[in-house]
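Start at 1 and go down the list; that is how both ligands and their atoms are numbered.
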Amino acid sequence: MLSDVKALSIIIPTYNERENIGQLIEKIIESLTGIDFEVIVVDDNSPDGTGEFVEQLSHKLNNVKVIHRPGKLGLSSAILDGASVAQGYAVGVIDADLQHPPQLLKEMFSKIGEGYDVVVASRYVEGGGIEGWSFTRKIVSKTASFLAHLLLKRCRPVSDPLSGYFMFRKDVIDGVKFEAKGYKILLEILEKGNYDKVIEVPYTFRSRRAGKSKMRFNEILNYVKLLMKLSEYRVLKFVTVGLSGVLVNLGSLWILVTFFSFPKLYSAIFAIEFSIINNFILNDFWTFKDRRSGNFFYRLIKFHGSALGPLINYIVYVLLLLFGVNYLIADAIGILCGFVANYLFSEFIVWR
Ligand code: GDD
Ligand code: MN
């Protein structure tokens with residue numbers, strides 16, 4: 001039935017979407033007239049009978065197919081399971097609950113025709129938006145995007161790398177090894193996929209038509225784990241190096257004073273310089289080993305800008321004191337700000 005090659009495969013992951021899926025498929029068919037496409041619903045044994053419903057539908061519509069999985073195995077892996085049987089030259093992913101307007105599929109597909117490898121339907125480009133989200137969910141979403149942009153270089157050109165609505169040429173994921181944990185498979189495709197040209201098209205994320213979101217708190221944890229993994233734990237390495245610098249600083253101060261009888265006032269300057277060199281070398285050969293372009297000594301000199309960290313730490317501390325914040329809390333917040341500044345400095349200036 002589906003043995004022939006198609007132009008486009010639309011993958012719809014479902015968990016309890018019986019009330020939505022029929023209407024969505026209808027709209028997809030309406031908006032893709034003239035295109036040779038198939039619909040692949042990947043259902044995780046939904047208790048509400050979504051799977052059987054689509055099964056029935058697939059007997060009537062020969063370009064609709066359903067994959068039944070034994071239980072709720074997660075959104076990302078559902079999409080990949082769908083992609084693995086897709087016959088399309090391109091693969092599109094859309095949520096079942098009509099929060100993603102299917103009318104946009106045709107335009108997205110035409111971008112593939114124009115030579116784009118990945119097309120992201122985006123809430124955050126001009127003309128896009130979000131309907132009916134609480135302030136909290138907006139903040140969570142914005143923070144999540146900020147972290148993706150901070151930690152993952154290849155995601156930076158995309159303003160909405162956490163979108164659940166996207167399309168790609170199928171060979172973009174050929175041979176890619178995925179974690180496929182949680183919700184954010186696009187992030188992984190952007191970070192690991194074989195592509196050069198990516199474009200965003202604006203859309204408005206509407207309120208759910210029926211049923212409930214399956215997003216749970218534990219998806220936030222999944223997301224943080226995924227970010228850590230995809231960034232190869234760069235932030236954790238950076239912290240570790242920073243701590244080693246503290247030891248080098250204290251250790252060399254002690255050695256200079258005790259064994260070389262250096263004046264304490266000057267020894268500290270050397271101790272600071274040793275810790276900067278220590279941190280630089282470890283970061284250069286470990287934390288940012290994939291980013292070592294240009295001259296080693298030039299990077300080392302630039303890295304001295306990390307002195308910015310303690311300065312920011314101190315400024316924040318003083319400001320918070322002026323606002324009457326407890327001095328220890330003020331310093332803790334200062335340390336955090338100094339750390340973030342240093343990370344940004346390394347990421348975007350020393351090893352960009
Ligand atoms: N097969 C399967 N298995 N499907 C799932 C699972 C699962 O474990 N979890 C969720 N789904 C399906 C839902 O049935 C729905 O069709 C789609 O995946 C999205 O799930 P929602 O629960 O509606 O997610 P959301 O609306 O909170 O978030 C969506 O929109 C965001 C903004 O674009 C997701 O697409 C997010 O990834 C996206 O960031
Ligand atoms: Mn939804």
Side-chain angles (χ1 to χ4, degrees), residues 10-25 27-28 39-51 53-54 65-85 92-102 104 108 119-125 128-134 136-145 147-148 155 158-167 180-190 200-220 222-223 226-227:
I10 303 292
I11 296 172
I12 314 173
T14 58
Y15 191 74
N16 286 346
E17 303 287 359
R18 192 191 170 109
E19 292 168 271
N20 296 318
I21 189 73
Q23 188 181 351
L24 175 68
I25 291 178
K27 291 202 166 171
I28 290 175
V39 168
I40 302 171
V41 174
V42 186
D43 185 68
D44 280 1
N45 199 14
S46 299
D48 76 348
T50 308
F53 178 84
V54 182
K65 183 181 182 179
V66 52
I67 298 177
H68 301 278
R69 303 202 304 171
K72 195 168 184 305
L73 300 175
L75 178 50
S76 292
S77 71
I79 291 166
L80 291 180
D81 282 356
S84 71
V85 301
V93 176
I94 185 168
D95 288 353
D97 51 9
L98 292 150
Q99 295 195 272
H100 299 152
L104 204 61
M108 291 165 79
V119 184
V120 179
S122 170
R123 297 164 287 180
Y124 301 131
V125 287
I130 295 172
E131 202 177 71
W133 261 17
S134 66
T136 321
R137 189 151 182 197
K138 275 187 190 150
I139 294 281
V140 170
S141 175
K142 277 284 180 189
T143 310
S145 306
L147 290 175
C155 288
V158 176
S159 68
D160 195 0
L162 304 179
S163 176
Y165 193 14
F166 53 92
M167 199 178 280
K181 292 240 168 56
Y183 256 53
K184 304 302 178 187
I185 194 70
L186 174 63
L187 201 66
E188 252 188 290
I189 294 176
L190 290 173
E200 293 183 271
V201 294
Y203 86 101
T204 300
F205 189 73
R206 305 218 174 278
S207 307
R208 223 172 205 281
R209 185 173 163 273
K212 288 198 292 276
S213 168
K214 282 85 204 171
M215 183 78 92
R216 293 289 169 272
F217 178 73
N218 104 54
E219 292 303 343
I220 296 183
N222 276 332
Y223 178 65
L226 181 66
L227 271 184

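Between I94 and P13, the closest heavy-atom pair is O-CD, 3.3 Å. In plain terms, the two heavy atoms of N16 and P47 that are nearest each other are OD1-CD, 3.1 Å. Of all heavy-atom pairs spanning L187 and C155, the tightest one is CD1-SG, 3.6 Å. Contact record, V93 with Y165: O-CD1, 3.2 Å, taken as the closest heavy-atom pair. Nearest heavy atom pair, residue I67 against residue G82, reads CD1-CA, 3.9 Å. Closest approach of L162 to S141, counting heavy atoms only: CD1-O, 4.2 Å.
Just one residue in the list K214, R69, H68 forms a side chain to side chain donor-acceptor pair (under 3.5 Å) with D44, and that residue is R69. Evaluated for a side chain to side chain contact (heavy atoms under 4.5 Å, CB included) with D97, the options R209, R206, E17 yield exactly one hit, E17.
Separating the CD1 atom in I79 from the CG atom in D95 is a distance of 7.5 Å, to the nearest 0.5 Å. Taking CZ from F166 and CE from M108, the interatomic distance works out to 8.5 Å, rounded to the nearest 0.5 Å. Residue I21 holds its CD1 atom at 7.0 Å from CD1 of I28, rounded to the nearest 0.5 Å.
Ranking protein heavy atoms by distance to atom 37 (O) of ligand 1, first place goes to K184 NZ, 3.3 Å. Scanning the protein for heavy atoms near atom 35 (O) of ligand 1, the closest one is D95 OD2, 2.7 Å. Ranking the protein heavy atoms by distance from atom 3 (N) of ligand 1 puts D44 OD2, 2.7 Å first. Closest protein heavy atom to atom 11 (N) of ligand 1: L75 CD1, 4.0 Å. Nearest protein neighbour of atom 22 (O) of ligand 1, counting heavy atoms only, is K214 N, 2.5 Å. The closest protein non-hydrogen atom to atom 15 (C) of ligand 1 is E17 OE2, 3.3 Å. Among protein heavy atoms, atom 9 (N) of ligand 1 sits closest to K72 NZ, 3.7 Å. For atom 12 (C) of ligand 1, the closest heavy atom belonging to the protein is P13 O, 3.5 Å.
Contact annotation for A78 and ligand 1: only side-chain heavy atoms (C-beta onward) come within less than 4.0 Å of the ligand. With a heavy-atom cut-off of 4.0 Å, Y165 does not touch ligand 1 at all. By the criterion of a heavy-atom distance under 4.0 Å, the backbone of V42, and not its side chain, is placed next to ligand 1. No part of K212 comes within 4.0 Å of ligand 1, judged by heavy-atom distances.
Ligand-side atoms of ligand 1 in range of T14: 1 (N), 2 (C), 4 (N), 14 (O), range being under 4.0 angstrom from any heavy atom. Below 4.0 Å from some heavy atom of Y203 lie the following atoms of ligand 1, by number and element: 33 (O). Each of the atoms 22 (O), 25 (P), 27 (O) of ligand 1 lies under 4.0 Å from some heavy atom of S213. Taking every heavy atom of R208 and a limit of under 4.0 angstrom, the matching atoms of ligand 1 come to 21 (P), 22 (O), 23 (O).
Ranked by closest heavy atom to atom 28 (O) of ligand 1, the top entry among R137, Q99, R123 is R137. Compare Y183, W133, Y223, Y15 by their heavy atoms: the one nearest to atom 20 (O) of ligand 1 is in Y183.
By the 3.5 Å distance cut-off applied to N or O atoms, G164 is counted among the residues near ligand 1. The distance criterion of under 3.5 Å between nitrogen or oxygen atoms is met by D97 with respect to ligand 1. Geometrically, ligand 1 and L162 share a nitrogen or oxygen pair separated by less than 3.5 Å.
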- Message: side-chain contact (heavy atoms from CB on, under 4.5 Å), that's the test. Do W133 and R123 meet it? Break it down for me.
- Response: CA-CA 12 Å; W133 261 17; R123 297 164 287 180; 3.2 Å; yes
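Remark: aromatic rings of Y183 and Y223 are distant, center separation not under 6.0 Å.
A donor-acceptor pair is defined here as one N or O able to donate and one able to accept, closer than 3.5 Å; no such pair exists between the side chain of E131 and the backbone of T204. Judged purely by atom type and a 3.5 angstrom limit, D43 uses its side chain to pair as donor or acceptor with the backbone of S46.
The Mn ion (ligand 2) has D97 OD2, Q99 OE1 as protein N, O or S atoms under 2.8 Å away.
Classification of the H100-F205 ring pair by plane angle, with boundaries at 30° and 60°, yields tilted.
The closest approach between a heavy atom of F166 and any atom of ligand 1 is not below 4.0 Å.
With respect to D48 and R18, no salt bridge is recorded, no charged nitrogen being found less than 4.0 Å from a carboxylate O.
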